[in-house]
Amino acid sequence: MSGLGELDRPGTPGSPGAGDARSQEWLAGEGTEAGADPGAGAGVGPGAGRRVSARRGGADPVKALMHRHRELCERAVDPLEIAAGLEAHGVTDRTAARFRHRDVFSLAEEMYARVPRDAEPAPQPVAAGPRAESGAWAVLALLPGILCAATVVGLRLTEGRPRLAVAAAGALAVAMGLRAALGRGPLHAPSHHTTGATRAWTCWLLAYALLGDGLLSAGLEGGPDGPWPLATAPVLALALACAPAAWCARLFAVRARRRLTASRGLEEFAASAKPLLLGTFALFLCSLGALLALCAALLDESADYPGAGTLGALLLLARLLTARGFTHAPAVVLGVAAAAEATALAAVFAGRLPGCSYLATPVDTVVGAWGPGAVPTLVCGAAALSLLIHTTRTLTRASAHTLPPGPP
């Protein structure tokens, strides 16, 4: 996972030099276009044409940049959107100095002001934060937790085949509720942003949280000989945590947009957005911890703070990135985590084959030292840490906080 920083391009180049070289190419390109005017053929030599075009490019360097990003400038609803687009294409504050501006925000303001527009002004975005949306998403965020709680109650009150029917119906209802909760609001992502692989890995991780520890313990003891215990308290807490996850994401989006408006440089915004992101992340973990304690007390089960906490952190970070169009890293990290858990289970049962007992030794050692919950804790913890590092690099860029193209 050490290459996660290279994922989810476009992004700001690693050094300002890359952006400066690109700026020079833009200026050179504009000069070439300017040199190819009809006047050059009326007795003026090619060398003179190049000198004239160079003077024109040097006199108005912003014009070359506007030509390269004409579509961005024309569709932008405010200078911040242009600034974010420039940053996504590798323009840094040092690059802006070559265009006679102190930072990218100042450069974007000039570009926005110079774009010709119709007499009718474009509708301006809400100044307080992201695109205005109704409060229905806040109610929908409660739906997965409510449906999961009803399912848990049904499982406690039934036995035998009716219990299987309640479990199947409850799983389907929770899945539909989760889809409705993520269909609107700050955690909403367009359908083309959420890949089928990402959904599959998420379902596997949640299923392992419910069934995995019990199956792993039974497998190491020579079973399972029958139904194994379900970890309903952690799964219920994770379902209830959809609401604080959506509220924390909304808080981060609003505050980040305000800081983007107040910032006068990309580095200044990144420096202010990083503690905001980490604070929001910590707030969600505190909410999840409280829900785990509550569910464990009500159901008289183990809270499994490490396993459920790392899984909740991993899913939140993955959704924050996916909602903003950064889909590659979440898919890779979730896939690796799901594969690691599946490998641990497969190794336990493969170790029963003649001469293959060594396959189960690593898992047996970990479980013997820390318990069956250590496997998802180590796997999801490493995955969440990798994704947190990637998130702090990605969601602290101005280009990650532009307005979505359409309503949620």
Side-chain angles (χ1 to χ4, degrees), residues 129-130 133 135-152 174-175 177-189 202 205-206 208-210 231-257 273-324 330 333-334 337 373 376-377 380-381 383-385 387-389 391-392 395-396:
E133 52 190 26
W137 64 267
V139 178
L140 291 175
L142 298 170
L143 196 56
I146 295 173
L147 293 174
C148 188
T151 303
V152 170
V174 172
L178 184 61
R179 181 175 182 180
L182 299 180
R184 301 183 66 177
L187 292 179
H188 166 74
T202 302
L205 292 171
L206 291 173
Y208 189 96
L210 178 65
T232 54
V235 174
L236 176 59
L238 288 170
L240 292 171
C242 288
W247 300 333
C248 288
R250 174 66 175 178
L251 175 66
F252 173 66
V254 172
R255 294 294 178 88
R257 183 69 181 179
K274 184 173 294 186
L276 174 62
L277 173 62
L278 295 177
T280 305
F281 181 64
L283 179 61
F284 169 76
L285 290 182
C286 291
S287 303
L288 178 58
L291 290 172
L292 284 169
L294 176 63
C295 293
L298 292 176
L299 300 178
D300 194 21
E301 294 183 8
S302 172
D304 190 19
Y305 294 106
T310 54
L311 176 57
L314 174 61
L315 295 179
L316 174 68
L317 294 172
R319 192 63 190 184
L320 285 176
L321 289 168
T322 302
R324 286 164 175 79
V333 174
L334 291 175
T377 298
C380 294
L385 180 60
L387 208 56
L388 178 61
I389 295 173
T391 303
T392 55
L395 298 190
T396 56

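Because only heavy atoms are used, hydrogens play no part in the values below, and waters and symmetry mates are left out as well, while side chains stay in.
The minimum heavy-atom distance linking T392 with K274 is given by the pair O-CE, 4.2 Å. Heavy atoms only, all atoms of each residue included: A313 and F284 are closest at N-CE2, 4.3 Å. For the residue pair G145 and L236, the shortest heavy atom distance occurs at O-CD1, 4.1 Å. Here the shortest heavy-atom pairing between A209 and L311 reads CB-CD2, 3.8 Å. Shown here for L140 and A180, the closest heavy-atom pair between the two residues is CD1-O, 3.8 Å. Annotation for G307 and T310: closest pair O-OG1, 3.0 Å, computed over non-hydrogen atoms.
Residues W137 and L187 fail the side-chain proximity criterion, which asks for heavy atoms closer than 4.5 Å. At least one side-chain heavy atom of L238 sits less than 4.5 Å from a side-chain heavy atom of L288. Residues L285 and F281 are in side-chain contact: their nearest non-hydrogen atoms beyond the backbone lie under 4.5 Å apart. Here the side chains of L388 and L278 are in contact, with some heavy-atom distance below 4.5 Å. Side-chain atoms of L292 and D304, non-hydrogen and from C-beta on, never get closer than 4.5 Å to each other. The side-chain heavy atoms of L251 and L283, taken from C-beta on, include a pair separated by under 4.5 Å.
With sequence neighbours excluded, the residues forming a side chain to side chain contact (heavy atoms under 4.5 Å, CB included) with A231 are P234, listed by chain and number. Residues satisfying the side chain to side chain donor-acceptor pair (under 3.5 Å) test with T232, not counting sequence neighbours, are E301. Every side chain to side chain contact (heavy atoms under 4.5 Å, CB included) that T202 has, sequence neighbours left out, goes to T198, L206, L315, L334. Here A296 pairs with A303 under the side chain to side chain contact (heavy atoms under 4.5 Å, CB included) rule; sequence neighbours left out. Legend: residues meeting side chain to side chain contact (heavy atoms under 4.5 Å, CB included) with C242, ordered by chain and number and at least two apart, are P144, L178. Residues meeting the ring-ring contact (aromatic ring centres under 6.0 Å, His included) test with F252, sequence neighbours left out: H401.
Here side-chain hydrogen bond (donor to acceptor under 3.5 Å, both in side chains) pairs that include residues 235-245, with residues two or more places apart or in two chains, number zero.
Between the SG atom in C380 and the CG atom in L205 there is a gap of 5.5 Å [rounded to 0.5 Å]. Going from atom CG of L317 over to atom CZ of R319 covers 13.0 Å, rounded to the nearest 0.5 Å.
Checked by atom type and distance alone, the side chain of R250 never pairs as donor or acceptor with a backbone atom of P186 at under 3.5 Å.
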